[in-house]
Amino acid sequence: RYSPDELALYLLDFKEGVSFTEFVPTGRDPSWIPHARAVGIESDREYGVAVLRELRREMNRRATALKRHGVTKLADLPRDGNPVPRIVAVIDEFHVLFAGNDALAREAVALLEELARKGRSYGIHLILASQSMSGIEALYGKNDAIFGQFPLRVALPGGGGVLEPLNDAA
């Protein structure tokens, strides 16, 4: 429905790598989705953090452009031949970014928190998917800071950790 000038995708899969395989060319299927700016299949944490850094740089570029042109909405930016597409970053099994309590996990938390808090204003949207939130030391004390920014949460049976504590709908 939307052209790559209107929508850019950043797709990261931290588990088995099958979720986004259909969006990249392979020997069996050379087709690809032109909207994909980054596709990580069986991504490692370093690559994931590099993608989050790039998304933060893009958010900062957009913030600067909005200020420079004196506008508050992406749609009001002069195009000048340079499209400013909405960005959707889909991170499957995102909790892998936070595995352990090391510098990389802390940076991933900080980047994700900043993108969750400010990204929507600059046309950068996050979709985070995970089967479990347990054992993620880097997120302790950050649950509300990150997940409080998500207006829509979906929980399958047994996935109550993403919902409000008193919501037993999962």
Side-chain angles (χ1 to χ4, degrees), residues 4 7-24 26 32-33 35-68 74 84-156 158-165 167 170:
L7 174 67
L9 299 172
Y10 288 73
L11 309 170
L12 297 175
D13 184 359
F14 287 101
K15 203 120 190 200
E16 273 126 52
V18 295
S19 298
F20 303 128
T21 304
E22 66 186 284
F23 301 121
V24 296
T26 64
W32 56 282
I33 185 168
H35 303 76
R37 301 280 172 88
V39 179
I41 298 170
E42 294 186 65
S43 301
D44 59 30
R45 293 171 62 220
E46 291 79 8
Y47 180 74
V49 169
V51 169
L52 292 177
R53 285 183 198 129
E54 174 55 31
L55 290 171
R56 181 182 59 193
R57 278 191 294 276
E58 179 60 23
M59 182 177 69
N60 291 335
R61 277 191 291 272
R62 290 173 177 210
T64 300
L66 288 169
K67 287 177 194 167
R68 186 175 59 245
L74 287 179
V84 183
R86 291 271 173 193
I87 293 173
V88 176
V90 181
I91 307 174
D92 191 15
E93 300 299 341
F94 76 97
H95 66 275
V96 171
L97 281 169
F98 313 129
N101 192 11
D102 58 8
L104 197 61
R106 288 187 295 277
E107 183 180 4
V109 168
L111 288 164
L112 196 60
E113 185 176 14
E114 184 177 5
L115 288 165
R117 195 175 63 250
K118 300 190 302 189
R120 278 189 319 262
S121 299
Y122 303 108
I124 299 173
H125 308 277
L126 299 173
I127 298 174
L128 304 179
S130 178
Q131 291 183 30
S132 171
M133 293 300 297
S134 62
I136 305 174
E137 295 86 4
L139 279 182
Y140 292 163
K142 295 282 188 177
N143 260 355
D144 291 335
I146 291 177
F147 301 115
Q149 301 297 319
F150 289 84
L152 176 64
R153 301 177 199 179
V154 176
L156 299 176
V162 300
L163 301 175
E164 295 298 323
N167 185 342

S.K.: Quick one: list whatever passes side chain to side chain donor-acceptor pair (under 3.5 Å) with Glu54, sequence neighbours left out.
M.R.: Arg57, Arg61
S.K.: Contact between Asp92 and Phe20 at the side-chain level, heavy atoms closer than 4.5 Å - yes or no?
M.R.: yes
S.K.: Ignoring hydrogens, what is the shortest heavy-atom contact between Arg86 and Arg120? Give both atom names and the distance.
M.R.: NH1-O, 4.0 Å
S.K.: Output the distance between atom CZ (Arg56) and atom CD (Glu114), rounded to the nearest 0.5 Å.
M.R.: 5.5 Å
S.K.: Please tell me if the side chains of Leu97 and Leu12 come closer than 4.5 Å, counting only heavy atoms from C-beta onward.
M.R.: no
S.K.: Return the set of residues passing side chain to side chain contact (heavy atoms under 4.5 Å, CB included) with Ala36 (not counting sequence neighbours), or none when no residue passes.
M.R.: Ile33, Val39
S.K.: To check you understand the geometry: which heavy-atom pair defines the closest contact between Phe14 and Gly48, and what is its length?
M.R.: CZ-CA, 3.8 Å
S.K.: Mind checking the CZ-CG spacing from Arg37 to Leu7? Nearest 0.5 Å is all I need.
M.R.: 9.0 Å
S.K.: List in chain and number order the residues that pass side chain to side chain contact (heavy atoms under 4.5 Å, CB included) with Arg62, two or more places apart in sequence or in another chain; answer none if no residue qualifies.
M.R.: Glu58, Leu74, Val84, Pro85, Ile87, Tyr122, Ile124
S.K.: Could you go through Leu128 and Leu112, starting from their C-alpha distance and side-chain angles, then the distance that decides it, and tell me whether this counts as side-chain contact (heavy atoms from CB on, under 4.5 Å)?
M.R.: CA-CA 10 Å; Leu128 304 179; Leu112 196 60; 3.8 Å; yes
S.K.: Starting at CD of Glu113, measure out to CG of Leu115 and round the result to the nearest 0.5 Å.
M.R.: 10.5 Å
